[in-house]
There are 2 protein chains.
Amino acid sequence: MHNRPARQWNPTLDINVFYAILITMATIRELAQYVGVSIATVSKVLNNQNGVSKETEALVLQAAKKLNYRPNLNARHLKTGTSKTLGIIAEDLTVFNTPDIIDGIGVCCESRSFHYILGNLRFDKRFGHETGNAEQKNRLVLDMMDQMLSKQVDGIIYIGCHSHALAMLSRSEDTRFVCAYCYSEDPSIPAVIYDDRQAARRVTDLLLSKGHAKIGIVAGTKDSFHTNNRLLGIQESLYEHSVPYNPHFICHGDWTRDLGYRCAPVLLERGVTAIFAMNDLMAMGVLDYCNHNHIEVGRDLALIGFDNREISSVSRPALSTVALPLFEIGHTAASIMLDMIEKEGVAQPSRILLDCAIIERESTGFPSAN
Amino acid sequence: MHNRPARQWNPTLDINVFYAILITMATIRELAQYVGVSIATVSKVLNNQNGVSKETEALVLQAAKKLNYRPNLNARHLKTGTSKTLGIIAEDLTVFNTPDIIDGIGVCCESRSFHYILGNLRFDKRFGHETGNAEQKNRLVLDMMDQMLSKQVDGIIYIGCHSHALAMLSRSEDTRFVCAYCYSEDPSIPAVIYDDRQAARRVTDLLLSKGHAKIGIVAGTKDSFHTNNRLLGIQESLYEHSVPYNPHFICHGDWTRDLGYRCAPVLLERGVTAIFAMNDLMAMGVLDYCNHNHIEVGRDLALIGFDNREISSVSRPALSTVALPLFEIGHTAASIMLDMIEKEGVAQPSRILLDCAIIERESTGFPSAN
DNA sequence: TACTTTTAAGTAAACGTTTAACTTTTCTAT
DNA sequence: ATAGAAAAGTTAAACGTTTACTTAAAAGTA
């Protein structure tokens, strides 16, 4: 692995010593020399191509094991021009959703014998949660892409919330992209996201089915893609069930717990019997308010959050919520990418919506049985 | 990036067309040809070695930018025999501590212009939390190591809890290892872990300073390294403050919330006024018990956990706890590894203990001011 | 001016693979 | 036995770099 002088099997050298040296890292040449065959033959065995007899194959294979041979992937990739490697660019690895998405990508890669390399942009650490800094962010994305392309990745999966993905457009046609958990403005870049609308619809369905006609919404920020799609889903469900849509039951929040706390009395005042908070944090705020005011969530009020953060399962009462299909997002994103790579020219889907799972816990009157 | 035919700058070809082709990925040869200089010269510029005039340097540099040149790292690494890349093997990426450790490694790597590749073993997903399966786990570790060594990493950082790290020993002398968040039996492998003992000592100091002489302990499993070291720390603190150590104030748990719940009444019964739970989950269990029994944590009972999980900050009352230096563990592990690589032969520390931070919240009577 | 030193550049071999093209051996069918 | 085909094996050139060595020109020095 470190720089070493070229090694020749000098017959005067004790064979065991020779092994000992080789233990570090044998090359295909040494392997060939050892078996007494050309390197081309060894290469064929290693890539199980035909044109080599069973016996030689066995010989090579066992020699490979004995000499602890490991192919030098740099050399292989250099020669073949393909690395069978995906680049993953994550906006922030330490954000709750990222590891599961990467996990999904990893499983897909493994099943199709690909590798991946990870690039962590650290947006949250660098910029906090502030939006803006677009040009700096773009620079980071671009630099990371350069790095990955230098390593000859066959494609790049971008995991993020903001669509800095647009920076990708400035790259050559030759680079394959897929967005996971976000999407680019460019429809030619496939994106895998979860279905906000359908999730919200099903949440509303659930609450309605439990007899709640007055459903309060602690929504997210107004300009958010998520907020708007979920609102749409809610309206759809209400319409389907012929329940009037009442804008007064909507409170726009900023995704923080504190805001959940402050929205709760407003909605309660307006007579809602259920509250759908668009993330678990705000739901926790509502829960706090109820706990402080002797409103028993799960009995006096049905409450459901969104995201399935760790807190939702450990709060008391345990919070019903919507689980994001993080693993699946990663898995399908990778799957699409690998299809792009392997089936060149075949059209890929532009945007894939994955279903969320509703997790019922105590806060909506668990167990639900209807 | 894909296989392409060799490109020659044919002077009859319109130069702009030539650029357009090159945009995809120029080689050093094409760059040299474009500037009208040898590839050796270009290489020197790119690696800012001397022996090239300012003018040519500028020329090459601007051509590189114009042709969108990116060095092929596979070729470079092949030639140089070093990849300036660390391998990170993580037992499970989705476990709460892993991403921050990787973040730390990443920052260190970046500052010293190294790269890393990540290998996720998925132990938790594959095996659940059960111990055992040692031979399967070792196989996974070994396979991952093979993969990484194939990619010519300069060293491997292992992130895990169990010391499967011992499997590493079967590897050649030539591979550099560092353990993060765990340690190997082999003292020659540097390990970076947090200081359980000192953390527990400081927790005890804190509780004593707040006037609690009867401190209940919800300990972890008996065989655990963490449990025992923390117990030692507690005893040290008590000894220093001449407070008797009472074994009846210790309840051994299994790290689960439920067990915290069950230990609480036992300890309370014995008259403790403070409880130190050895993880946040068990502390939550204690908190549950208190909430159900109208014991006001933070006033009637001081409670502190360990790990600084997300739950601790969002529970009500917010839980005081011990924050693990995850980022620092990653950062120092990487730093040691890079020292090993760059300062060959210089002895590296065998085991580094990093301090935890105590986070005081409401459950110990926040704010503390003494 | 003629020598040496310094600077700037070029040449070519190597890194460890893969693979197209070729040669040799073995097998099959006559 | 022999031609032809199939199978097994070899040769050598590439992939895109780096780098030790060489050469040529420029700059110092006596």
Side-chain angles (χ1 to χ4, degrees), chain A residues 1-8 22 24-60 64 67-84 149-152 154, chain B residues 1-8 22 24-60 64 67-84 149-152 154:
Chain A
M1 135 191 209
H2 312 169
N3 274 330
R4 345 161 243 100
R7 292 188 297 247
Q8 284 278 343
L22 281 190
T24 63
M25 192 153 295
T27 71
I28 203 176
R29 179 163 290 110
E30 288 160 334
L31 198 50
Q33 196 167 165
Y34 176 72
V35 182
V37 89
S38 79
I39 60 174
T41 304
V42 174
S43 178
K44 281 178 196 158
V45 172
L46 262 23
N47 297 291
N48 42 305
Q49 294 168 335
N50 44 14
V52 34
S53 71
K54 279 285 163 231
E55 301 88 59
T56 356
E57 180 176 14
L59 243 46
V60 169
L67 301 194
N68 195 25
Y69 171 78
R70 265 187 294 268
N72 181 325
L73 291 186
N74 285 325
R76 175 177 294 174
H77 294 162
L78 171 60
K79 189 63 186 75
T80 61
T82 171
S83 62
K84 278 179 152 284
L149 292 177
S150 268
K151 293 185 181 173
Q152 312 299 111
D154 297 309
Chain B
M1 128 190 212
H2 314 168
N3 275 331
R4 349 162 238 100
R7 294 188 296 248
Q8 285 278 343
L22 280 189
T24 63
M25 192 153 294
T27 72
I28 202 176
R29 178 164 290 109
E30 289 160 334
L31 199 50
Q33 198 166 164
Y34 176 72
V35 182
V37 90
S38 79
I39 61 174
T41 303
V42 173
S43 177
K44 282 176 197 157
V45 171
L46 261 22
N47 297 291
N48 42 307
Q49 294 168 337
N50 44 14
V52 34
S53 70
K54 279 286 164 226
E55 302 87 59
T56 357
E57 180 176 16
L59 243 47
V60 170
L67 301 193
N68 194 24
Y69 171 79
R70 264 186 295 268
N72 181 326
L73 292 186
N74 286 323
R76 175 178 294 173
H77 294 163
L78 172 60
K79 188 63 185 74
T80 60
T82 172
S83 62
K84 280 181 150 282
L149 292 176
S150 267
K151 291 185 183 173
Q152 314 298 109
D154 296 310

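Model, not experiment: these values are computed from the prediction. For the numbers below, each heavy atom of this structure counts, side chains included, while hydrogens, waters and symmetry mates do not. Letters go in sequence order (proteins before strands), and every chain restarts at 1.
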Practice task
Whole angstrom is fine here: how far is it from CG in B:N74 over to P in D:dC15?
Solution key: 15 Å

Practice task
May I ask you to verify if any side-chain N or O of B:S43 is less than 4.0 angstrom from the OP1 or OP2 atom of D:dT17?
Solution key: no

Exercise for the section: Return the value, rounded to whole Å, for the distance between atom CZ of B:R70 and atom P of D:dG16. Expected result: 14 Å

Fill in the blank from the handout: Here the distance between atom C1' of C:dT19 and atom CG of A:N48, to the nearest Å, is 15 Å

Exercise for the section: Give the rounded distance in Å between these two atoms: CG of B:L73 and P of D:dG16. Expected result: 14 Å

Problem - Terminal axes of the helix from C:dT1-D:dA30 to C:dT30-D:dA1 (five pairs each): angle between them, nearest 10 degrees - result: 40°

Exercise for the section: Treat primed atoms plus P, OP1 and OP2 as sugar-phosphate and everything else as base, then score nucleotides 5-13 of chain C 5' to 3': B for base contact with protein heavy atoms under 4.0 Å, S for sugar-phosphate contact only, - for none. Expected result: ---BBBB--

Fill in the blank from the handout: Residues at least two apart in sequence or cross-chain that pass side-chain contact (heavy atoms from CB on, under 4.5 Å) with A:A75, listed by chain then number, are A:N72, B:L78

Practice task
Only counting residues at least two apart or in another chain, list the ones meeting side-chain contact (heavy atoms from CB on, under 4.5 Å) with A:A64.
Solution key: A:L31, A:Y69

Exercise for the section: Please state how far atom NE2 in B:H77 lies from atom C1' in C:dT17, giving the value in whole angstrom units. Expected result: 17 Å

Handout entry: Qualifying residues under side-chain contact (heavy atoms from CB on, under 4.5 Å), relative to A:I39, sequence neighbours excluded
Key = A:I28, A:R29, A:A32

Problem - side-chain contact (heavy atoms from CB on, under 4.5 Å) against B:Q49, all qualifying residues, sequence neighbours excluded - result: B:K44, B:N47

Completion exercise
Rounded to whole Å, the NZ-C1' distance (B:K84 to D:dT18) equals 15 Å

Practice task
Scan B:N47 against the nucleic acid and name what it touches under 4.0 Å (heavy atoms): base, sugar-phosphate only, or nothing.
Solution key: sugar-phosphate

